[in-house]
2 protein chains.
Amino acid sequence: MELNERMKTILAAVVHSYFTTAEPVSSSIIAQKYHLNLSTATIRHEMYLLEKNDYLWQPHTSSGRIPTDKGYRFYVDNLMVKNYLREKEKREIIQIYKKSKEFEEAMKTTSQLLSKLTDNIGVVLAPVIYNNIVKEIQFVAVGNNRILTVIVTDAGLVCQKIVNVSGEIDKDRLNYLSNFINSKLAEKDIDITNLNNILLDELEKIISLQERFNYVYNFLEECFNIRYSENKVYLDGRINLMKHPEFKETDKLNYILSLIEEENILAATIRGYLGFRKTKIIIGKESKLKEMQNCSLVTSEYSIKGKSAGAIGILGPTRMDYPRMISITEYISDKLSEILSEF
Amino acid sequence: MELNERMKTILAAVVHSYFTTAEPVSSSIIAQKYHLNLSTATIRHEMYLLEKNDYLWQPHTSSGRIPTDKGYRFYVDNLMVKNYLREKEKREIIQIYKKSKEFEEAMKTTSQLLSKLTDNIGVVLAPVIYNNIVKEIQFVAVGNNRILTVIVTDAGLVCQKIVNVSGEIDKDRLNYLSNFINSKLAEKDIDITNLNNILLDELEKIISLQERFNYVYNFLEECFNIRYSENKVYLDGRINLMKHPEFKETDKLNYILSLIEEENILAATIRGYLGFRKTKIIIGKESKLKEMQNCSLVTSEYSIKGKSAGAIGILGPTRMDYPRMISITEYISDKLSEILSEF
DNA sequence: ATTAGCACTCTCATAGGGAGAGTGCTAATT
DNA sequence: AATTAGCACTCTCCCTATGAGAGTGCTAAT
């Protein structure tokens with residue numbers, strides 16, 4: 001069924017009122033607060049139709065109405081008015097970011113900003129590295145039997161790993177090795193995912209010539225074995241959950257807490273939604289995760305030097321101020337992109 | 001008032017029964033479950049005295065009794081029977097640790113182990129570095145205008161920092177610099193806290209002689225400026241809170257959630273209790289933090305190569321199985337010490 | 001010193017009732 | 001044909017009452 005204009009107006013009013021008060025919305029509230037010049041009976045009739053079409057639902061007969069996931073979806077896709085951050089808010093965000101001189105700090109600041117500005121949970125996925133071109137590899141002997149491998153990518157991301165080796169470390173050989181590898185890297189663009197295969201193939205050739213490289217082979221294999229599955233996630237504002245009346249019910253709180261406990265699952269979920277467009281909104285049961293059924297997630301991708309790198313987002317009850325969540329997420333992802341590109 | 005033997009027995013029984021059932025303990029329950037060969041009236045009389053002396057309290061007149069913080073304290077200090085982990089459990093812990101090849105992994109594994117084994121929140125404070133002797137410093141140019149500084153301490157801890165520099169990096173100068181610094185480090189034991197002062201003093205001398213070092217001065221100042229306040233904390237098992245009936249009450253949950261939201265405060269609190277003895281127990285209001293008033297914290301220090309490095313702990317409701325919490329915390333801290341010492 | 005006995009207190013579950021909010025339906029109005 | 005007034009009906013919420021049950025404190029007897 002196609003919604004007529006009046007139904008759209010009423011749906012938008014219900015979404016707005018329910019977001020504001022967290023109470024089921026009655027026909028008289030719509031009539032009073034939104035000046036539609038309609039009687040409550042007429043509004044009631046339209047709400048009845050909206051309910052029949054799954055845009056609204058009632059906790060019990062003779063109570064006011066609450067938007068369904070479908071109702072929120074229609075609102076987000078067709079009804080909501082874009083929100084713009086005030087200049088003052090933008091300045092404050094920029095001001096706070098000025099203090100972030102390092103990568104880790106920028107990530108933390110971002111999740112804090114997201115949670116403070118939205119009163120929800122702020123989520124930041126660290127940049128993925130696997131589609132990056134490897135620009136440079138350095139080996140640093142730390143102590144007597146450990147080597148710190150530093151991989152620098154074209155986007156300027158730095159990826160480190162400490163590997164234990166048996167036996168003394170010969171610094172000259174280590175130098176020779178890194179010079180050799182870096183010369184190979186300069187020749188062609190090697191994706192970090194292929195690092196292992198390509199470089200070890202190259203090394204095979206030398207090893208057959210120069211036996212003395214043999215001892216580093218195992219160590220290199222370990223160095224290049226970067227675990228892509230390990231997605232660092234920065235979360236902030238869990239306590240904000242307690243501000244929302246929907247999470248007064250223990251089982252709903254339980255769901256969302258177990259969602260944010262398993263950071264890997266949350267990260268994988270967010271990644272699963274990426275790539276289609278910059279900002280993405282997942283409302284309640286639209287997610288396959290049962291833990292997310294009472295929540296909405298607004299995510300926005302950020303980039304480093306123009307190349308998509310990761311995503312930020314906010315997680316809260318489905319009853320949220322979607323226009324504002326979107327504008328905040330988008331603005332912050334833009335700023336984060338700028339900052340990370342400068343590093 | 002000095003507690004007589006019978007009062008001690010009854011107090012221990014109340015603590016045990018309340019831990020098991022989470023229900024206020026009545027005189028008849030004590031009589032039935034703990035076979036003291038006393039009538040309920042006698043037990044009631046002793047409980048009355050225990051209450052008068054603040055070891056027990058009643059939620060309301062004519063209800064059973066619950067231990068107070070003081071009651072738990074007396075139990076922990078004088079009554080509880082030491083618990084020993086079963087060999088099977090020890091083996092399982094060792095087995096799980098075998099997978100941890102890296103520092104970061106060991107930290108995460110530890111917090112997970114703590115939370116899984118105790119059904120409470122597992123806390124791990126990363127090793128503090130400020131009382132370590134600096135053994136070695138390496139500079140690695142990453143990209144064109146960034147330098148990765150790697151500081152290795154005598155305990156084998158590695159501390160890294162990326163610093164932006166303006167202008168091109170001369171690799172020969174960087175080498176010269178690190179050789180110079182490492183020679184100075186070999187001469188005397190420099191505490192990491194004094195790194196900045198001492199080395200920059202030394203550099204001053206050279207700079208006056210060799211003008212070309214001037215450009216690195218600012219950069220070094222930034223490199224050595226390690227922020228000690230930044231205490232990395234690993235937390236796991238927040239969801240376990242929901243298993244305990246005491247946190248069904250929203251405001252109690254609120255308190256503990258805000259405690260674990262501010263990881264820095266939690267870390268500082270735990271650090272504040274360290275040093276006196278290996279294992280420390282903080283019960284409810286014994287902590288000055290109002291957020292901790294419904295919780296207990298059991299912490300145990302771990303060491304690296306015999307030198308105290310950090311602490312692990314578990315955080316849960318005051319109604320907890322103290323003997324078991326202690327044995328788990330102590331055993332895991334021992335294992336963690338071993339693993340970190342081997343790295 | 002211990003205990004049996006008992007009155008007393010408080011919680012908890014249940015039921016009833018009245019107020020209030022809000023709906024759905026129908027008949028009247030525009 | 002669309003809108004609305006009117007009204008019966010439903011459901012929640014809050015208050016009160018009531019009785020059972022658990023547990024205590026006290027006293028007198030053992």
### Query
How is B:Ser26 classified with respect to the nucleic acid when contacts are heavy atoms under 4.0 Å: base, sugar-phosphate, or nothing?
sugar-phosphate

#### Entry: Euclidean distance, atom NE2 of residue A:His60 to atom C1' of C:dG20 [Å, nearest integer]
12 Å

### Query
Which part of the nucleic acid, if any, lies within contact of B:Thr40, taking any heavy atom under 4.0 Å across all strands shown: a base, the sugar-phosphate backbone alone, or nothing?
nothing

### Between C:dC10 (P) and B:Trp57 (CH2): distance, integer Å
15 Å

### Query
Hey, what's the ring geometry for A:His244 with A:Phe247, parallel, tilted or perpendicular (30° and 60° as the breaks)?
perpendicular

### Query
Of all the choices, D:dG23, C:dG24, D:dT24, which nucleotide is nearest to the side chain of B:Ser27 once you look at every atom?
D:dT24

### Query
Atom CG of B:Leu38 to atom P of C:dA4: distance rounded to whole Å?
11 Å

### Distance, rounded to the nearest Å, where A:Ile43 contributes CD1 and C:dT23 contributes P
10 Å

### Query
Looking at A:Arg65, does any N or O in its side chain come under 4.0 Å of the phosphate oxygens OP1/OP2 on C:dG24?
yes

### Summary
Between B:Arg44 and A:Pro24, the residue closer to the 5' end of DNA chain C by nearest nucleotide is B:Arg44

### Between D:dA2 (C1') and A:Asn37 (CG): distance, integer Å
15 Å

### Residue matched to C:dA1 through Watson-Crick or wobble contacts both under 3.5 angstrom
D:dT30

### Query
Just how far, in rounded Å, is P of C:dG22 from CD1 of A:Ile30?
11 Å

### Task
Give the C-alpha distance, both sets of side-chain angles, the deciding distance and a yes or no for side-chain contact (heavy atoms from CB on, under 4.5 Å) between A:Leu274 and A:Lys280.
CA-CA 8 Å; A:Leu274 296 185; A:Lys280 181 93 188 170; 6.0 Å; no

### Query
Hey, do the aromatic rings of B:Tyr75 and B:His16 have their centres closer than 6.0 Å?
no

### Task
Examine distances only and state if a side-chain atom of A:Ser111 and a backbone atom of A:Lys108 form a donor-acceptor pair shorter than 3.5 Å.
yes

#### Entry: Side chain of B:Thr61 (C-beta onward), nearest among C:dC10, C:dA4, C:dG24
C:dC10

### Query
Is B:Lys70 positioned over the aromatic face of B:Phe74, cation under 6.0 angstrom from the ring centre and no more than 45 degrees off axis?
no

### Task
In whole angstrom, give the distance that lies between atom CG of A:Leu56 and atom P of C:dG22.
15 Å

### Message
Taking pairing as Watson-Crick or G-U wobble with both contacts under 3.5 Å, can you name the mate of C:dA28, or confirm there isn't one?
### Response
D:dT3

### Task
Quickly work out the B:Gln58 CD to C:dC8 C1' distance and round it to whole Å.
14 Å

### Task
Return the 5'-most residue of the pair B:Ser62, B:Thr42 with respect to DNA chain C, ranking by each residue's nearest nucleotide.
B:Thr42

